[in-house]
Structure formats: structure tokens, C-alpha cells
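For reference, the structure discussed in these notes is given below.
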Amino acid sequence: MRASGGLPAYRRGPLASVRLSFAAPCCCLARKCAFCARIAHPAQVSPMRLSRFFLPILRETPKEAEIVSHRLMLRAGMVRQESAGIYAWLPLGLRVLRKIEDIVREEQNRAGAIELLMPVIQSADLWRESGRYEAYGKEMLRIADRHEREMLFGPTNEEMITEIFRAYVRSYKDLPLNLYHIQWKFRDEVRPRFGVMRSREFLMKDAYSFDLDAAGARHSYNKMFAAYLRTFARMGLKAIPMRADTGPIGGDLSHEFIILASTGESEVFCHADYMDMPTPPADIAFDDRDVMQGVFEEWTKRYAATSEMHDASAFDALPEAQRVSARGIEVGHIFYFGTKYSQPMRAVVNGPDGKETPVQMGSYGIGPSRLVAALIEANHDDAGIIWPESVAPFTIGLANLKVGDAATDAACADLYAKLEKAGVDVLYDDRDERPGAKFATLDLIGVPHQVIVGPKGLAEGKVEVKNRRTGAKESLSPDEVINRFTA
RNA sequence: CGGGGUAUGGCGCAGUCUGGUAGCGCAUCUGCUUUGGGAGCAGAGGGUCGCAGGUUCGAAUCCUGCUGCCCCGACCA
């Protein structure tokens, strides 16, 4: 299915009549947005002068980069490949990665999950307990320490979290519990490709839920389901949950969250209603089982499937206007697997009846590093990246078109200082470059708003504000600019 | 894991067939001019030609072995 047509999937164009771009649900500029409902002020707001930043942009495209996100990440100086499927994150890329992490973390916390941090190196013995040490195969990077002890670089953490759980939790009164971390994983892919989209080392948020019974586990699953809808929506992505194979994780209930992008790796089919469904609001009752079950049912009752699970006859039964077939990228995957690990690893609690019961578990993954690439696949044009506001490395690019000119220098310095003071992430291009080079740089790195300060406009007391996504240009006074972005 | 490529300055490439002082564009540095969509002129610096052997008076070039990386397929957060 995937290989049909003679061309690799990612090179084929989008299937017909599909809307692939979505507006972010909010502007996020003021950080007072009701949808996002930020819990904490983002730590990553740190304005920067480009002349002092480390932004190694490339004018030419490195030949190894085949897909647009990989090309643009290399050109924009976001990552550097250090080995096959292994990347260093350069400052610009790291900023985006951190902003994605922040959103993921906020929504996990909002849904009641609790953050911890587990190590990347694990003991083989732990994996022998679950039986996966042999089963996982060559994708697991196995290493020996100086004492010849068998260790491994974690590809996932079900075993370790189960070990931590069983060491401390004895009573059903401590449930439900959902623990997560955001940590680097290593899976020794046979063939890493597409930059950070399919790398061997990748960042993953993995959460693990523990419940006394199946009904409780179901609620935990639904909470993560709703949290994922919110997480992707906050990044301006339309993610559609689709029933999925459980693969090596195991279990009997699983959904993949797929975002639509014309360069996606897999072919997906879904009902057109998914394009406009309302995402759960920030204040939705995560602790109410009926509310959460309602969200789940609303988002799963219409047809949606990847090509592996596709039922052509069910899809074709839909009215033609409601059929959407497109390409998709998997950005999240959730599983309910019951006692698959708690049973063999003896993670048990005493129930109200005094009997020991293995806990019901689920796991929930999002790949922030893959999301960086997926976001670019969904948001770019010929000139470069177009970041959604919420994950942009900088909110504003301030371009001084004539460095050395007293008026433009002073106007830029004033704007920069005021924006910085107001907590706006601004990148001030104060390099002694020609205007064309500055426009090209800001377009390439995808800063959502460009504030352009040149001698001509300034003579009339105006600067130009350009929207990277729409291209719309406005002529505003510097004071109006400050009001616009700090209101 | 099968198949196919490729490796020459930071990036993109030529040179290899037919062995003889390592080249081009971009980038970088200096100076002057320029300044609203990747500027122009002049000058400069930077490469043990992936690694190890071998052939030869002489190897980027020929031979042998190895390694890295990329692409296609099967597999995958």
C-alpha cells in the first residue's frame, strides 16, 4: 500500500481536495489566552541580538537532506548531524524543542500526570523480568560496563517505571498515579532517515498510568487522550486519533495521533468532521470520568484509520464530501495494556478487600524531537519555515535595515529594550548586512512577526510589521508596535 | 538486513577514464564603495583529496582491504 505508485511515500503529493493547513487556536502572544491557559511563565523567553547569537545558517542545501523539514532544519542552523540518526541540537533548534517540551509538560501536568526523570542507561536484568530483553531485538542498543555487566540504552521505560512503582506503592489508596518523564531514547533503527523525523536518538515524553481496576485505567487513558488533543492543538496542529496496532508494547487498546502533512510517511483516511472539531478547553473536568469518556467517544466515533487499519468499505460508505484521504505523521501513541508488565514484575497493590492485585497500566508517548520536524512539514513555504506562534524560537524578528544610521539604531534599541522588558521573545538582527540578507534570514528561520525598521519609514515615524505566514504588511509607529505585542 | 551510490577547504562541485606543482562557485578575512528582498570591485587565508596497505622515479587518479555517509526496499515513537 505504502509503496504503491513507484515513488516513495514522502515524495508523492497530497491526495486530492484536502485542507492541510490549520490556524492555531490562539495567538499566545500575551500568554493570557484562555485556551492555552499557561500554568507558568515560560523559562525560554530570552531575547537575543543576532550579532551575538550562534546561528550557522546555510545558503545551500546539504545534499543528504531529502525532505523539506530536514533541509530547512539544516539550512536554518537548528541541528547538526553527528552520526547516522544522531543529531546535535544547535541553539535555534533547541529553543523550538524546549517550547514544545513546555507545552507537553504543561498539558501533562494539567491532566494530573507527575514529572520525574529516569536514566538513559538501564540494566539488562530489569528487562529480563518482563521478558523483553530477548524479545526487543537489535533495535535495543546493548552495552557492557567495565565490570562486564549487561546494560542498555533505554528505548522506552515500562520496566523501569514498573520497578519504581512496585518499590514504593502498596495500597490502592495511592492510586490513580500517572508518572512521566521527558528523556532521550535510543532505538537502533535499521535505517534512520528524514533527519530528526526518524532518528536513532530522539527525545520522548513517556507517561505511565497505574490504576486498581480496568475502569480506572480507562479513565487514565481518556485523560491522556484529552491531554494529547490539547497538546497538539496548542502547537497549531490538527492531530487525529486513530486506532492503532499495539506493536511490541502490547495491550488491547491503542490510538495513534496523526497530524496531516502533505509529506507525511503514511496514508490516512478520516471523516471530514475531524477538521473542525472543538478541542477540550483548559478547564475541562479531567477528574470527571463521564466527561473524559465523552471526549473520547466524541473523538473516536467517526471513521479514522491509517492504511494498516483501513477498512475501505466502511470509508467508502461515507458521503464523498466527508471523506478525507491524506498523508500523515505519527506524533503520539497511547496504549492501555493492563497487567502485561505488572504481572510478571509483581507490581501489586492491596485492594479494599485486602487482596493483592496487579496494577492496571497504560503508557503514553509523544516525540518532541520528531514534532519539531513534523511542525515544519506542516508549516513552511519556499522561503523557509513558518513557526506557529506557540513554538516559535522567537516571536518577533526585529530588523535594523541600516546599521550605523543614528535614527534606525536608536529606534531599534528602544524597541528591543521595551519588548525585552515586556517579556517578548525578540531576535534583533543588528548585523551589518544588507536588507535582502536580513529578510532572507528571518524568512528562513520562520519568526512569526517581522518588525522592519528602515530610514525611509522612520522619517515618517513608521516601521513595518510583516506577518510571516500571511505576508500581510502594516505600517505602524514604534509605540503602536509595543502596544500590539505587549497588550 | 538485501540492493545501489558516494567520500576532494565550512557548503556545493570539477579533476580520476589517459598518474606529473589540487581547482571552481558560495562562504570566511582585509580595504573601498554600497544599503527596503541573499551587493560590487580589489586583495588574502584555508585542503596529509575518508583510512590503511600496495604498484610506481612520481598516486586525488591504478590495485587490495577497511570505514563513514546517503538513497531504494523490508521494519519502526
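Below, chain A is the first sequence line, B the second, and so on; all start at residue 1.
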Taking the minimum atom-to-atom distance to the side chain of [X], which one of [options] wins?
X: Pro455(A); options: C69(B), A77(B), G36(B); answer: G36(B)
X: Arg191(A); options: C75(B), C26(B), C72(B); answer: C72(B)
X: Arg434(A); options: A74(B), U34(B), G37(B); answer: U34(B)
X: Lys402(A); options: U35(B), G36(B), A77(B); answer: U35(B)

Nearest-angstrom distance from the residue atom CG of Asp432(A) to C1' of U34(B):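 Taking CG of Asp432(A) and C1' of U34(B), I get 11 Å after rounding.
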Whole-Å distance separating the CZ atom of Arg193(A) from the P atom of C72(B):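 Spelled out: CZ on Arg193(A) to P on C72(B) is 6 Å.
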Testing the 3.5 Å rule here: is there a donor-acceptor pair between the side chains of [X] and [Y]?
X: Asp211(A); Y: His219(A); result: no
X: Ser199(A); Y: Tyr87(A); result: no
X: Asp443(A); Y: Gln450(A); result: yes

Listed by chain and number, what are the salt bridge (charged side-chain N to carboxylate O under 4.0 Å, His left out) partners of Lys438(A), not counting sequence neighbours?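 Result, salt bridge (charged side-chain N to carboxylate O under 4.0 Å, His left out) vs Lys438(A): Asp429(A).
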Would you say the side chain of [X] and the base of [N] hold a donor-acceptor pair, judged only by whether the two atoms sit under 3.5 Å apart?
X: Lys466(A); N: G37(B); result: yes
X: Arg75(A); N: G38(B); result: yes
X: Glu433(A); N: G38(B); result: no
X: Arg198(A); N: C76(B); result: yes

So, Phe296(A) versus Phe225(A), ring centres under 6.0 angstrom or not? yes
Can you pull every protein N or O that's under 3.5 Å from an N or O on nucleotides 10-16 of chain B?
from: C11(B); atom 1: O2; to: Glu60(A); atom 2: OE2; distance (Å): 3.4

Would you say Arg80(A) has more than 12 foreign heavy atoms packed within less than 6.0 Å of its CZ?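 No, not enclosed.
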Please compare Gly457(A) and Gly85(A) by the position of their nearest nucleotide in RNA chain B and report the one closer to 5'.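 Per heavy-atom nearest nucleotide, the more 5' residue is Gly457(A).
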Sticking with atom P, work out how far A14(B) lies from U55(B), rounded to a whole angstrom. 31 Å
Please report the distance separating the P of A74(B) from the corresponding atom of U16(B), rounded so that it comes out in whole Å.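 Each nucleotide's P atom is 38 Å from the other's.
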So which nucleotide does U55(B) pair with, by the Watson-Crick or G-U wobble rule with both distances under 3.5 Å?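 Check on U55(B): unpaired, no WC or wobble geometry under 3.5 Å.
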Ring stacking, Phe439(A) with base of G38(B), under 5.5 Å and under 30°?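 Phe439(A) vs G38(B): stacking no.
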